[in-house]
Protein chains: 2
Amino acid sequence: MEDRQPKYRLLKQQIEGWLRAEKYRADEQLPSENELAAQFGLSRQTVRQTIGELVSEGLLYRVHGKGTFASPSARPGAGGGTAVGMITTYISDYIFPHIVRGAEAELRSRGCGLLLSSTDNSKQAERQGLERMLAHPVKGLIVEPTRSAQGNTNLDLYVRLQLDGIPLVMINERYPDLDCPCVKVDDEAGGYAAAAHLLRLGHTRLAGLFKTDDMQGTRRLQGMLRACREHGLTPEPDRLVLYASEDKASKPAAAAKRLLELPQGERPTALVCYNDELAVQLVDLASGLGLSVPDELSVVGFDDSQLALAGSVKLTTLSHPKSELGARAARLLLDLADGQPAPPQEQLIYAPELIERGSTAPWNG
Amino acid sequence: MEDRQPKYRLLKQQIEGWLRAEKYRADEQLPSENELAAQFGLSRQTVRQTIGELVSEGLLYRVHGKGTFASPSARPGAGGGTAVGMITTYISDYIFPHIVRGAEAELRSRGCGLLLSSTDNSKQAERQGLERMLAHPVKGLIVEPTRSAQGNTNLDLYVRLQLDGIPLVMINERYPDLDCPCVKVDDEAGGYAAAAHLLRLGHTRLAGLFKTDDMQGTRRLQGMLRACREHGLTPEPDRLVLYASEDKASKPAAAAKRLLELPQGERPTALVCYNDELAVQLVDLASGLGLSVPDELSVVGFDDSQLALAGSVKLTTLSHPKSELGARAARLLLDLADGQPAPPQEQLIYAPELIERGSTAPWNG
DNA sequence: CATGCAAGCTTGTACGGACATGTCGGAGAC
DNA sequence: GTCTCCGACATGTCCGTACAAGCTTGCATG
């Protein structure tokens with residue numbers, strides 16, 4: 001039982017089909033309203049309603065006294081604006097600028113603009129951004145979900161996007177209740193690689209510090225735990241520090257301080273950090289406590305940000321495609337807007353690679 | 001003889017007037033179609049035609065079974081676009097993300113979008129960006145000039161902007177042949193403050209490394225020279241290293257290495273660096289050469305970026321308003337778009353302040 | 001008190017007719 | 001041959017009616 005479409009909408013789809021198939025080329029005249037009405041067994045008013053909508057969508061234009069014609073521009077697939085919207089949590093910090101930059105460069109090379117909005121990790125701000133993108137004509141939308149582990153309060157707006165036929169691509173994370181392609185990094189594999197590297201170096205007392213109010217941190221943690229299990233280690237709960245975005249300034253540092261002040265035989269010899277930002281903070285903390293990195297403590301970061309090379313201790317970290325990720329999302333979005341099908345999700349996942357630098361060393365306990 | 005307007009158009013103007021006068025606020029319900037028809041002596045079909053046009057223009061929306069409502073967005077009088085364009089040289093590096101972020105947050109709070117474009121320091125890319133902003137309806141434009149010391153090849157487009165009445169605000173720098181407000185930092189005063197601080201600490205052999213293909217570096221250099229003159233010092237030319245953007249990866253580091261390998265009595269004891277990025281690079285270089293910072297070498301950076309705190313040596317640097325600068329530019333632009341006059345240029349200049357940290361120390365030669 | 005249903009509002013769809021206005025081509029006048 | 005005018009036909013405006021479908025309210029029923 002498909003639900004019955006109103007007649008004017010069926011006629012609209014018919015005409016859209018004609019245009020797509022180029023049955024009527026640019027500025028070519030369509031049958032008159034009366035002809036269409038007779039042909040389809042409709043009244044002239046109903047035909048007028050159809051054509052009226054197509055005119056307001058820019059697909060057709062009418063000339064008083066002459067007839068109705070196909071618009072030269074705007075093929076149905078090309079639709080929408082000339083700009084693409086992008087909503088991310090933060091735009092100034094850490095690796096986000098590089099992601100934005102990658103998307104911007106790609107869009108620029110394809111003649112598209114970038115309409116940017118940030119949410120500062122607030123779902124309310126995300127809502128505002130979505131509303132503006134809906135009001136403004138955008139060709140498509142790239143979204144980094146805000147607090148993806150805490151559900152999707154703006155689902156109604158995302159549904160409206162899909163109803164309007166505006167393609168959507170997510171980056172880094174996805175809302176589970178939304179079916180759309182997502183360009184991301186394999187965080188679980190990254191967490192696994194980080195821990196496996198340390199285990200290979202002979203470390204046995206690993207600590208992990210992860211931000212777990214998004215799925216990224218959770219996955220990195222899971223990868224670390226899998227590596228430990230495969231090496232026959234069961235990490236002690238108090239060596240796993242989980243924190244939320246709000247606490248990132250103080251809680252992980254305080255917890256790390258407590259761990260590093262333990263006596264020699266209990267102190268962790270290696271730290272797996274949620275990202276480079278935390279890692280440099282902890283390297284600093286360690287040297288403040290008189291622990292030299294990497295001789296007395298190994299530290300692994302994540303994301304290969306510019307921070308990894310800023311200090312005197314160059315961080316061992318996991319690569320992150322950053323600008324390539326942004327560019328890939330932009331490419332994908334424009335392809336979707338052109339009516340191409342989405343590639344399978346597996347092709348949108350980047351595998352992070354371990355970059356060995358100076359913050360990790362073998363351990364001979 | 002005014003030409004007679006059709007009835008539906010008269011009603012349309014009436015309703016547009018109501019919306020302009022905020023008689024119906026966002027999401028407030030309008031009279032039903034039958035009420036309007038009775039009130040204006042029209043048929044319901046005619047009223048529907050009116051409302052249909054207003055809906056397709058985005059001023060109203062209808063909800064089946066409930067009624068017709070005023071759209072929250074797009075007041076008719078708001079004019080122009082609802083987005084502001086921003087063109088900067090880089091968007092991912094250094095402090096630029098913070099400037100963008102400040103502008104974005106301010107625009108967001110005022111209900112505007114941000115259309116972003118970067119030039120990667122290419123005048124050709126700047127041209128593309130300007131063309132897109134002109135084609136796309138933007139309310140105004142924030143521009144950071146690209147290679148401002150090398151003239152303005154896109155003047156024709158800037159003139160068209162002004163002819164179209166699109167307000168323009170520059171940040172960081174200005175094209176000398178364009179008369180528009182410019183939000184910036186007093187770089188000369190910054191260079192002066194940096195050098196004066198070192199001179200006050202007892203240093204006498206100062207070296208300076210500046211990127212001089214934009215006006216910022218040139219001004220910082222001039223400030224440094226003024227401070228030296230006032231202290232009765234004439235800096236030797238070979239202690240001043242000037243470089244261009246293309247050479248920034250190698251030339252300043254190579255020159256610094258040469259200076260720091262001079263024998264004790266000739267080696268500079270303090271470096272004034274164009275920015276923090278260069279400063280951390282040189283701190284690293286110095287420790288590689290066995291020179292401890294700040295005991296054997298003082299280093300001053302610029303811009304108080306996150307790099308200043310990333311390493312183990314915390315940089316003494318000059319403050320930069322960053323996000324406040326972006327926000328100020330956005331505020332100013334929206335005010336200009338509202339028809340307010342531009343404030344005097346003096347009020348748009350931020351004075352940098354010295355932030356004393358761990359990379360500078362007194363010198364007792 | 002809760003549930004369900006119907007009445008009465010809304011907009012949505014579809015038809016019918018009538019006349020106005022703009023365009024164009026052909027018949028007829030010059 | 002050229003010009004004018006008229007008629008055919010296009011869209012534009014306006015009205016009327018009817019019924020479908022979605023939402024809210026309130027009354028009646030259990």
Side-chain angles (χ1 to χ4, degrees), chain A residues 1-16 18-19 23-72 156 159-160 163-164, chain B residues 1-16 18-19 24-72:
Chain A
M1 286 287 119
E2 73 229 77
D3 39 6
R4 250 185 58 257
Q5 295 265 351
K7 295 184 185 176
Y8 83 95
R9 194 174 296 274
L10 292 172
L11 175 58
K12 189 174 166 186
Q13 286 166 1
Q14 177 73 59
I15 295 178
E16 280 174 349
W18 290 348
L19 294 175
K23 178 169 175 180
Y24 297 96
R25 247 149 285 173
D27 300 315
E28 199 173 331
Q29 185 168 5
L30 271 70
S32 77
E33 294 174 354
N34 282 320
E35 278 173 22
L36 285 173
Q39 191 175 333
F40 288 90
L42 303 171
S43 77
R44 186 183 154 217
Q45 296 313 310
T46 305
V47 174
R48 265 190 82 71
Q49 182 176 4
T50 301
I51 294 179
E53 287 195 12
L54 291 168
V55 165
S56 81
E57 288 171 17
L59 292 169
L60 301 177
Y61 65 90
R62 296 196 264 217
V63 180
H64 192 164
K66 293 183 71 174
T68 306
F69 305 84
S71 283
D156 54 331
V159 168
R160 257 181 63 193
L163 290 179
D164 288 0
Chain B
M1 286 286 121
E2 77 232 72
D3 40 4
R4 251 186 55 257
Q5 294 266 353
K7 295 184 186 175
Y8 84 95
R9 195 174 296 274
L10 292 172
L11 174 58
K12 190 174 165 185
Q13 287 166 3
Q14 177 72 59
I15 295 178
E16 280 173 352
W18 288 347
L19 294 175
Y24 297 97
R25 246 149 288 176
D27 300 313
E28 200 172 330
Q29 185 167 6
L30 270 71
S32 76
E33 294 174 352
N34 281 321
E35 280 172 21
L36 285 172
Q39 192 175 333
F40 288 89
L42 303 170
S43 79
R44 187 184 155 218
Q45 296 316 308
T46 305
V47 174
R48 265 190 82 71
Q49 183 177 4
T50 300
I51 294 178
E53 286 196 11
L54 291 168
V55 166
S56 82
E57 288 171 17
L59 292 168
L60 301 177
Y61 64 91
R62 299 195 262 216
V63 179
H64 193 166
K66 292 184 73 174
T68 305
F69 305 84
S71 282

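In what follows, chains carry the letters A, B, and so on, assigned in the order in which the sequence lines appear, proteins first and then strands, with residues in each chain numbered from 1. Keep in mind that the numbers below use all heavy atoms, side chains included, and drop hydrogens, waters and symmetry copies.
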Would you classify A:Glu35 as touching base, sugar-phosphate or nothing, given that sugar-phosphate means primed atoms plus P, OP1 and OP2, and contacts are heavy atoms under 4.0 Å?
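The residue A:Glu35 makes sugar-phosphate contact but no base contact.
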Specify the separation, in whole Å, of atom [atom1] of [X] and atom [atom2] of [N].
| X | N | atom1 | atom2 | value |
| --- | --- | --- | --- | --- |
| B:Lys12 | D:dT13 | NZ | P | 10 Å |
| B:Asn34 | C:dG12 | CG | P | 13 Å |
| A:Leu10 | C:dT13 | CG | C1' | 12 Å |
| B:Lys7 | C:dC19 | NZ | P | 15 Å |
| A:Leu60 | D:dG12 | CG | C1' | 17 Å |
| A:Tyr61 | C:dG22 | OH | P | 19 Å |
| B:Glu33 | C:dT13 | CD | P | 11 Å |
| B:Leu30 | C:dT11 | CG | C1' | 13 Å |

With sequence neighbours left out, write down each residue that passes side chain to side chain donor-acceptor pair (under 3.5 Å) with A:Ser32, or none if nothing qualifies.
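For A:Ser32, no residue satisfies side chain to side chain donor-acceptor pair (under 3.5 Å) once neighbours in sequence are set aside.
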Under the side chain to side chain donor-acceptor pair (under 3.5 Å) rule, collect the residues that match up with B:Lys7, sequence neighbours excluded.
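With sequence neighbours excluded, B:Lys7 shows a side chain to side chain donor-acceptor pair (under 3.5 Å) to no residue whatsoever.
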Which donor-acceptor pairs under 3.5 Å do the side chains of residues 58-65 of chain B make with protein atoms, sequence neighbours left out?
| from | atom 1 | to | atom 2 | distance (Å) |
| --- | --- | --- | --- | --- |
| B:Tyr61 | OH | B:Asp27 | OD1 | 2.6 |
| B:Arg62 | NH1 | B:Glu33 | OE2 | 3.4 |

Side-chain contact test, heavy atoms from C-beta onward, threshold under 4.5 Å: evaluate it for A:Thr68 versus A:Leu36 and give yes or no.
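Heavy-atom side-chain distance check fails, nothing below 4.5 Å.
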Does A:Glu16 reach the side chain of A:Leu54, with side-chain heavy atoms less than 4.5 Å apart?
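Yes, close enough: below the 4.5 Å cut-off.
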If the cut-off is 4.0 Å, is [X] near the phosphate of [N], judged by side-chain N/O to OP1 or OP2?
| X | N | value |
| --- | --- | --- |
| A:Thr68 | D:dT11 | yes |
| B:Arg62 | C:dG12 | yes |
| B:Lys66 | D:dT24 | yes |

Heavy atoms only: give me the nearest A:Phe40-A:Gln14 pair and the separation to one decimal.
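Here A:Phe40 and A:Gln14 meet closest at CZ-CG, 3.8 Å.
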Indicate the atoms forming the closest heavy-atom contact of B:Glu28 with B:Arg25, along with that distance.
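Nearest pair, atom of B:Glu28 first, then B:Arg25: OE1-N, 2.8 Å.
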Is there a donor-acceptor pair under 3.5 Å between the side chain of A:Thr50 and the backbone N or O of A:Tyr8?
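Present.
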Between the opening five pairs and the closing five pairs of the helix from C:dC1-D:dG30 to C:dC30-D:dG1, how far apart are the helix axes, to 10°?
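Angle reported: 10°, given to the nearest ten degrees.
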Go through D:dA10, D:dA20, D:dC15 for me and flag the one nearest to the B:His64 side chain.
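The nucleotide sitting nearest to the side chain is D:dA20.
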Which is more 5' along DNA chain C, the nucleotide nearest A:Tyr8 or the one nearest B:Gly67? Just name the residue.
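First, find each residue's nearest nucleotide; the 5'-ward one identifies B:Gly67.
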Sequence neighbours left out, what passes salt bridge (Lys or Arg N to Asp or Glu O under 4.0 Å) with B:Arg9? Give chain and number order.
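Partners of B:Arg9 by the salt bridge (Lys or Arg N to Asp or Glu O under 4.0 Å) criterion come out as none, since no residue qualifies.
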Expected output is a numbered-order residue list: members of residues 41-56 of chain A with a heavy atom under 4.0 Å from any atom of DNA chain C. What is it?
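Under 4.0 Å from DNA chain C: A:Gly41, A:Leu42, A:Ser43, A:Arg44, A:Gln45, A:Thr46, A:Gln49.
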